[in-house]
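Not measured: the values here are computed from a predicted model.
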Amino acid sequence: MAGSESFKQSPNVSFDNIDYNDPIALKNAQESLLREQFVKIEIVKTVRKALENCFRVAGPNANEDCREIAEKYMNMLPDARAQGFLGYQRNDPSK
């Protein structure tokens, strides 16, 4: 295949051990943090779709049958926001 090139994944970098004067290291840390946040959001979307499907299939017994998925979804919601990197970057205690 012509488009069978392997996907090159960028390394996971944290703000803990980077030099803030190095723009490449800073950009890699920012992209890594955003990528982690977007993965969390996609996981929550998948659980929400499973919950919607469960409610659709279970019908009148949905409250009982879908309780575990609903509890999992509700527990995931507080951490499901994309907060960006500026708040963490500005308040980084290791700076």
Side-chain angles (χ1 to χ4, degrees):
M1 280 185 171
S4 64
E5 299 174 13
S6 63
F7 179 71
K8 187 175 182 182
Q9 185 175 359
S10 59
N12 288 336
V13 182
S14 77
F15 283 100
D16 296 336
N17 300 320
I18 66 165
D19 180 18
Y20 281 91
N21 295 325
D22 182 13
I24 295 173
L26 183 61
K27 186 67 174 174
N28 286 338
Q30 291 170 348
E31 288 177 354
S32 178
L33 185 66
L34 288 176
R35 190 179 324 107
E36 290 175 13
Q37 291 175 2
F38 286 134
V39 167
K40 286 180 185 178
I41 290 170
E42 290 301 319
I43 291 171
V44 171
K45 286 181 183 179
T46 304
V47 173
R48 181 176 56 223
K49 287 180 184 179
L51 182 61
E52 290 171 357
N53 188 33
C54 183
F55 270 100
R56 193 175 319 117
V57 170
N61 295 330
N63 290 338
E64 296 171 5
D65 295 344
C66 304
R67 179 175 300 251
E68 294 173 4
I69 300 173
E71 288 175 356
K72 182 175 182 178
Y73 178 68
M74 292 302 290
N75 290 335
M76 294 172 84
L77 278 180
D79 299 328
R81 289 185 40 215
Q83 299 170 353
F85 55 82
L86 285 179
Y88 185 83
Q89 183 177 335
R90 288 181 183 155
N91 300 317
D92 188 10
S94 66
K95 267 204 306 195

**Prompt:** Ignoring hydrogens and geometry, is there a side-chain-to-backbone donor-acceptor pair from Asn75 to Glu71 under 3.5 Å?
**Reply:** yes
**Request:** Please name all residues satisfying side chain to side chain contact (heavy atoms under 4.5 Å, CB included) with Ala62, sequence neighbours left out, ordered by chain then number.
**Result:** Phe55, Ala58, Cys66
Nearest 0.5 Å, what's the [atom1]-[atom2] distance between [X] and [Y]?
X: Glu31; Y: Leu26; atom1: CD; atom2: CG; result: 10.0 Å
X: Cys54; Y: Glu52; atom1: SG; atom2: CD; result: 11.0 Å
X: Asp79; Y: Gln37; atom1: CG; atom2: CD; result: 10.5 Å
X: Asn28; Y: Asp22; atom1: CG; atom2: CG; result: 8.5 Å

Answer yes if [X] and [Y] sit in the same cluster of Ile, Leu, Val, Met, Phe, Trp and Tyr residues linked by side chain heavy atoms under 4.5 Å apart, and no otherwise.
X: Met76; Y: Ile41; value: no
X: Ile24; Y: Leu33; value: no
X: Leu77; Y: Ile43; value: yes
X: Val44; Y: Phe38; value: no

**Asked** Are the side chains of Lys72 and Ile69 in touch, meaning some heavy atoms are under 4.5 Å apart?
**Response** no
**Asked** Excluding sequence neighbours, so at least two apart, what forms salt bridge (charged side-chain N to carboxylate O under 4.0 Å, His left out) with Glu42?
**Response** Lys45
**Asked** Other than Val57, which residues form its hydrophobic cluster under the rule that side-chain heavy atoms must be closer than 4.5 Å?
**Response** none
